[in-house]
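Taking it in order: structure first as structure tokens, then the write-up.
Just follow the structure's listing: the first ligand is 1, and inside any ligand the first atom is 1.
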Amino acid sequence: MPHDPEHPPAKKFKPGSPFFRFDKKPGMLLPRKGNASVPIDVQRKNLPIYQAKSQLVYQLRQHHNAVLIGETGSGKTTQIPQYLYEAGIGRQGVVAVTQPRRVAAVSLATRVAEEKRTQLGKLVGYTVRFEDVTSSETKLKFMTDGMLLREAIGDPLLLRYTVVVLDEAHERTVHTDVLFGVVKAAQKKRKEQNKIPLKVIVMSATMDVDLFSQYFNKSPVLYLEGRQHPIQIYYTKTPQSDYLQAALVSVFQIHQEAPVSHDILVFMTGQEEIEALARTCRDIAKHLPDSCGLLTVIPLYASLPPAQQLRVFQPAAKGCRKVILSTNIAETSITISGIKYVIDTGMVKAKRFNPDSGLEVLAVQRISKAQAWQRAGRAGREDSGSVYRLYTEEEFDNLIPMTVPEIQRCNLASVMLQLLALGIPDVMNFDFMSKPSHEAMRTALEQLDLLGAVDRKDEKVVLTPLGKKMASFPLEPRYAKTILLSPDFQCSEEVLTVVSLLSVDTVLYNPPARREECLAARRKFTTSEGDHLTLLNIYRAFKKVNANKEWCRENFVNSRNMSMVGEVRSQLRDICLKLGVKLESCGPDTGKVRRCLAHGLFVNAAELQPDGSYTALDAHQPVSIHPSSVLFQAKPAYVVFNELLHTSKCYMRDLCLVDADWLVEAAPEYFRRKLRPNKS
Ligand SMILES: Nc1ncnc2c1ncn2[C@@H]1O[C@H](COP(=O)(O)OP(=O)(O)OP(=O)(O)O)[C@@H](O)[C@H]1O
């Protein structure tokens with residue numbers, strides 16, 4: 001196997017190592033020289049894309065649509081917007097570059113502003129949920145696809161924009177897929193109305209170019225060749241039954257053998273396992289000889305407060321190695337300085353949806369090949385890199401090529417609500433790139449109907465006034481409905497808190513080594529009314545002590561996440577004020593909160609069976625209470641829950657005790673069909 005003499009092969013693992021060497025993959029080209037210490041404009045010129053600049057600019061000037069495919073790290077995202085600007089393309093308006101994730105939008109805008117030597121928020125800015133760093137001068141705007149979609153509600157023709165760059169198109173999040181249709185429609189309408197044309201550029205390193213080209217009016221496909229730095233791929237010799245253990249072993253093998261300046265990025269599935277592995281890594285690191293150097297372990301997942309997420313971009317201190325444990329949030333787009341090694345567990349937590357039952361579950365599953373290549377692409381960005389896949393080559397060969405678009409595996413109630421709010425006349429026939437099943441769309445409209453968000457008018461589905469209000473919240477329709485119903489139960493302040501707590505994932509810190517202490521601390525807040533009310537108690541206590549950090553530590557509460565709850569809450573409260581929602585508190589009468597939750601979440605209700613098991617009423621599917629719930633032992637007759645998690649069983653997470661009567665009063669017709677005959 002050829003080596004770059006400057007970059008000798010990275011590892012010789014000890015006997016017993018789960019790895020063996022594997023040849024470089026075809027297409028992983030040898031590098032041209034590149035170095036992070038060279039001036040930034042020279043770095044720009046060293047990128048593979050630079051050689052194709054004039055040709056690209058020529059093509060992009062000619063066509064209203066283009067699909068651009070090029071290796072990870074070749075320079076698509078950072079350079080294309082600048083090339084457009086420098087060539088005067090789209091200067092009458094703003095160039096929007098969409099990203100599936102906020103962390104990518106923020107870090108890319110920061111980098112491009114640096115390359116352009118301008119202050120962030122001037123020529124180059126970003127807009128993500130809860131944050132807008134743009135000004136009237138902004139011409140290159142990085143944003144999450146969800147934000148552009150929200151803007152489209154007020155401006156369906158996207159008239160502020162002259163170019164929309166849909167980046168990381170392979171991700172196929174729900175937002176991206178809806179955005180494809182919205183952008184395509186805006187482009188068509190602008191042409192029909194003789195407005196300034198809208199240019200649409202679709203980019204990725206791993207996409208089905210034919211599908212995209214076909215969808216976007218048979219647009220030309222521009223191929224960008226080469227990568228700047230080589231990446232070596234390693235597979236395990238045998239399948240790993242415990243990917244977490246394999247990840248741990250791999251981190252410490254690298255830590256003990258590789259120079260301390262080489263950082264590691266590990267892809268895992270979720271917050272709990274990341275936090276657990278982070279603690280184990282820190283414990284082990286304490287007992288290693290000084291010669292190994294220090295280890296800083298940094299978690300990265302979506303529910304971390306934004307400032308915390310950006311910590312991964314800070315360089316490690318001298319003599320210290322950075323190990324980032326991340327979900328797929330770091331999978332695409334981003335460049336993390338110092339990352340030399342990527343460890344890929346091959347697993348991801350993703351949504352699955354059963355249109356027959358209408359239930360959406362989160363489950364840990366295998367990634368696609370496209371995801372594996374994206375993960376690999378986080379190495380080799382500033383220098384050569386190595387990727388350790390904790391699965392065999394055969395297992396890799398058996399992965400599905402592309403991730404199934406999220407729109408085909410999630411509950412579509414949110415999407416349908418958004419499409420209706422966008423004024424799409426016939427939502428069932430919306431121009432999706434990959435149409436969800438008719439069944440899934442119908443189920444979603446039924447759920448919106450149950451929530452009172454839609455109505456039928458002249459054979460058409462239209463939003464009700466309540467539905468219009470629900471669409472104003474960046475929330476799942478059932479949570480928006482719960483907030484809007486809360487004045488009827490005089491508990492809007494509490495419901496706002498509960499919904500905010502649910503929007504930032506867990507505020508509870510559960511160190512396994514201090515389980516007893518933690519349970520004892522939590523008992524003070526635990527109520528037999530369920531998890532929502534327990535969380536509400538914790539939030540109230542947190543407010544009472546003025547967010548005291550010491551109190552958080554003593555009570556095993558994650559103070560960072562709690563601060564985020566406060567921010568989300570004030571945003572939601574602002575929306576309520578704009579909509580004229582009456583805000584009042586129920587004080588100690590928390591039964592009102594539960595009744596309100598029953599009215600908002602009734603589609604997620606479950607009933608205790610005579611044999612002690614539970615049945616989700618909507619689909620009549622067996623479900624169990626998750627052991628983390630405060631109701632795990634209690635077994636109440638009726639509960640509503642937030643979500644289902646599929647591991648060994650189908651678990652309900654975050655439960656609230658409710659009365660059967662409340663469910664019936666929330667949706668009498670529906671429950672007449674769903675409840676056991678003697679109960680209805
Ligand atoms: N924040 C950063 N710090 C240092 N270098 C960076 C940064 N962002 C980008 N780069 C450099 O620019 C290169 C190109 O990044 P860019 O995001 O434009 O690539 P890309 O082709 O869009 O990759 P991907 O398909 O993975 O998103 C990186 O490989 C890296 O060398």
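- Listed by atom number, the atoms of ligand 1 under 4.0 Å from Glu382 heavy atoms are 4 (C).
- Atoms of ligand 1 found under 4.0 Å from any heavy atom of Glu71 (numbered from 1 in listed order, with element): 21 (O).
- Arg381 O, 3.5 Å is the protein heavy atom nearest to atom 30 (C) of ligand 1.
- Atom-to-atom distance recorded for Cys281:SG and Ile274:CD1 is 11.5 Å, nearest 0.5 angstrom.
- In this structure, Lys184 satisfies the cation-pi test against Tyr215, with its NZ or CZ atom closer than 6.0 Å to the six-membered ring centre and inside 45 degrees of the ring normal.
- Taking the six-membered ring where tryptophan is involved, the planes of Tyr235 and Tyr391 are perpendicular, since the angle between them exceeds 60° and thus also 30°.
- Shortest non-hydrogen contact noted between Lys76 and Ile49 is CA-CD1, 3.8 Å.
- Only the side chain of Leu47 comes within contact range of ligand 1, with a heavy atom under 4.0 Å; no backbone atom does.
- With no hydrogens or angles considered, no side-chain donor-acceptor pair links Ser74 and Gln228 at under 3.5 Å.
- Here's the thing with Ser337: none of its N/O atoms is less than 3.5 angstrom from an N/O atom of ligand 1.
- In terms of N/O distances under 3.5 Å, ligand 1 is not approached by Asp167.
- Residue contacts with ligand 1: Gly377 is excluded, as none of its non-hydrogen atoms falls under 4.0 Å.
- Both tests pass for Lys369 against the ring of Phe396: distance under 6.0 Å to the centre and angle within 45° of the axis.
- When hydrogens are left out, the protein atom nearest atom 18 (O) of ligand 1 is Thr78 OG1, 2.5 Å; that is the closest non-hydrogen contact.
- Remark: minimum distance from atom 9 (C) of ligand 1 to any protein heavy atom is reached at Thr335 OG1, 3.3 Å.
- Closest to atom 22 (O) of ligand 1 among all protein heavy atoms lies Thr77 OG1, 2.5 Å.
- A salt bridge (charged side-chain N to carboxylate O under 4.0 Å, His left out) with Arg101 holds for exactly one of Glu168, Glu331, Glu171; it is Glu171.
- Using the six-membered ring where Trp is involved, Phe216 and Phe212 have ring planes that are parallel, under 30° apart on the 30 and 60° scheme.
- At a heavy-atom distance under 4.0 Å, only side-chain atoms of Arg378, from C-beta outward, approach ligand 1.
- The shortest separation from a heavy atom of Gly75 to ligand 1 is under 4.0 Å, placing the residue in contact.
- A salt bridge does not link Glu272 with Lys349: none of the charged nitrogens is closer than 4.0 Å to a carboxylate oxygen.
- When each atom of ligand 1 is checked for a heavy atom of Glu168 under 4.0 Å away, the hits are 24 (P), 25 (O), 27 (O).
- With a heavy-atom cut-off of 4.0 Å, Arg111 touches ligand 1 through its side chain alone.
- Here's the thing with Gly73: one of its N/O atoms is less than 3.5 angstrom from an N/O atom of ligand 1.
- When all heavy atoms are compared, the tightest approach of Leu166 to Thr98 is CA-OG1, 3.4 Å.
- Close contacts of ligand 1 with Ser333, meaning ligand atoms under 4.0 Å from a residue heavy atom, involve 17 (O), 27 (O).
- For the pair Gln79 and ligand 1, the shortest N or O to N or O distance does not fall below 3.5 Å.
- No cation-pi contact links Arg44 to Tyr50, judged by a cut-off of 6.0 Å to the six-membered ring centre and 45° from its axis.
- Looking at Gln374 next to ligand 1, no N or O pair under 3.5 Å apart turns up.
- Taking the centre and axis of the six-membered ring of Trp373, the NZ or CZ atom of Arg389 falls inside the cone set by 45° and 6.0 Å.
- Of all atoms in ligand 1, listed by their number and element, those nearer than 4.0 Å to a heavy atom of Lys76 are 18 (O), 19 (O), 20 (P), 21 (O), 22 (O), 23 (O), 24 (P), 25 (O).
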